[in-house]
Amino acid sequence: MPKKYSKNIQVVIDILKDEIRGDIKSALKKASKDYTMTWVYQKKNGELFPATKNDLEAELEDVYPIKGRSYVIKNIAEGKNVVMVELIESYPDPETKKVYRTPLVLVLEMKSGKIRTGRHYCDPSLSYLNLTQKQAEKAYKNGTRKD
């Protein structure tokens with residue numbers, strides 16, 4: 001029997017599935033009109049906390065076409081109007097076909113059943129290491145979630 005999640009958690013799981021499928025139209029229905037995402041790190045060019053701009057649909061068109069993306073959710077929790085997801089994101093580089101894996105945490109604030117804003121926490125230097133699944137799993141060696 002499939003697990004039953006709260007409405008907010010199900011929205012987050014569903015939008016991750018939309019991204020895997022490259023389904024921008026469905027993803028936009030799960031985000032509020034004023035949606036923003038901030039990456040909590042410093043880019044190589046020195047920019048602190050890069051964030052989405054004003055045209056979410058155009059930005060998703062840059063990310064969603066990547067085929068072969070996957071997410072392994074390690075933990076998911078929620079509080080009042082917030083969902084936190086700890087996961088490993090994997091995706092192939094479209095040119096080199098190398099698969100990149102990054103352990104990360106998403107903190108997503110919800111409003112009226114939609115994602116209003118989020119923060120994406122990761123170590124961007126890990127994103128360029130081409131970690132194997134076994135290497136990425138080391139971050140969770142004593143984890144307790146069993147699905």
Inset, instruction - Decide yes or no on side-chain contact (heavy atoms from CB on, under 4.5 Å) for Tyr91 and Val99, but give the supporting numbers first. - result: CA-CA 5 Å; Tyr91 60 92; Val99 176; over 6 Å; no
Legend entry - Worked verdict on Thr36 versus Thr52 for side chain to side chain donor-acceptor pair (under 3.5 Å): CA-CA 6 Å; Thr36 59; Thr52 54; 5.1 Å; no
Inset, instruction - Evaluate the criterion salt bridge (Lys or Arg N to Asp or Glu O under 4.0 Å) for residue pair Glu89 and Arg101; output intermediate values, then yes/no. - result: CA-CA 5 Å; Glu89 177 183 34; Arg101 292 175 186 85; over 6 Å; no
Inset, instruction - Mind running salt bridge (Lys or Arg N to Asp or Glu O under 4.0 Å) on Glu78 and Lys7 for me, showing each step along the way? - result: CA-CA 11 Å; Glu78 72 179 316; Lys7 182 179 179 182; over 6 Å; no
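Between the CE atom in Met84 and the CD atom in Glu86 there is a gap of 11.0 Å [rounded to 0.5 Å]. For the atom pair NZ (Lys111) and OH (Tyr35), the distance works out to 16.0 Å, reported to the nearest 0.5 Å. Once rounded to the nearest 0.5 Å, the distance linking CD of Gln135 with CG of Leu126 reads 10.0 Å. Atom CG in Leu87 sits 10.0 Å away from atom NZ in Lys74 (nearest 0.5 Å). Here the CE-NZ distance, from Met110 to Lys114, works out to 10.5 Å after rounding to the nearest 0.5 Å. Separating the CZ atom in Arg21 from the CZ atom in Arg69 is a distance of 13.5 Å, to the nearest 0.5 Å.
The shortest side-chain heavy-atom distance between Asn75 and Val85 does not fall under the 4.5 Å cut-off. Between Lys98 and Pro92, the closest side-chain pair of non-hydrogen atoms is not below 4.5 Å. In this structure the side chain of Leu106 reaches within 4.5 angstrom of the side chain of Leu104, judged on heavy atoms. Using a 4.5 Å cut-off on side-chain heavy atoms (C-beta onward), Thr38 and Pro50 make no contact. By the 4.5 Å heavy-atom criterion applied to side chains, Leu16 and Ile73 are counted as neighbours. Proximity of Leu131 to Tyr100: side-chain heavy atoms (C-beta onward) are nowhere separated by under 4.5 Å. The side-chain heavy atoms of Val40 and Phe49, taken from C-beta on, include a pair separated by under 4.5 Å. Residues Ile15 and Lys17 form no side-chain contact, since every pair of their non-hydrogen atoms from C-beta on lies 4.5 Å or further apart.
Residues Trp39 and Val82 do not share a hydrophobic cluster, clusters being chains of Ile/Leu/Val/Met/Phe/Trp/Tyr side chains in contact below 4.5 Å. Linking ILVMFWY residues whenever their side-chain heavy atoms come closer than 4.5 Å, directly or via other members, places Ile20 and Ile9 in the same cluster. In terms of hydrophobic clustering, with Ile, Leu, Val, Met, Phe, Trp and Tyr side chains grouped at heavy-atom distances under 4.5 Å, Tyr71 and Val105 are assigned to different clusters. Grouping the Ile, Leu, Val, Met, Phe, Trp and Tyr side chains by contacts below 4.5 angstrom, directly or via other members, places Ile115 with Leu28.
Between the side chains of Asn8 and Ser6, no donor-acceptor pair of N or O atoms lies under 3.5 Å. Tyr5 and Gln10 are not linked by any side-chain donor-acceptor pair at a separation below 3.5 angstrom, with hydrogens and angles left out of the test.
Comment: Lys30 engages Asp18 in a salt bridge, judged by a side-chain N to carboxylate O separation of less than 4.0 angstrom.
In plain terms, the two heavy atoms of Val11 and Gly113 that are nearest each other are CG2-O, 3.5 Å. In terms of heavy atoms, Glu47 sits closest to Lys53 at OE2-NZ, 4.4 Å. Across every non-hydrogen atom of Ser90 and Gln133, the tightest pair is OG-OE1, 4.2 Å. The two residues Asp123 and Ser125 come nearest to each other via the heavy atoms OD1-OG, 2.6 Å.
A donor-acceptor pair under 3.5 Å is absent between the side-chain atoms of Lys43 and the main chain of Tyr41, judged by distance alone. Looking only at distances, no side-chain donor or acceptor of Ser127 sits under 3.5 Å from a matching main-chain atom of Thr102.
For the pair Lys44 and Tyr128, the cation-pi test (distance below 6.0 Å, angle within 45°) is passed.
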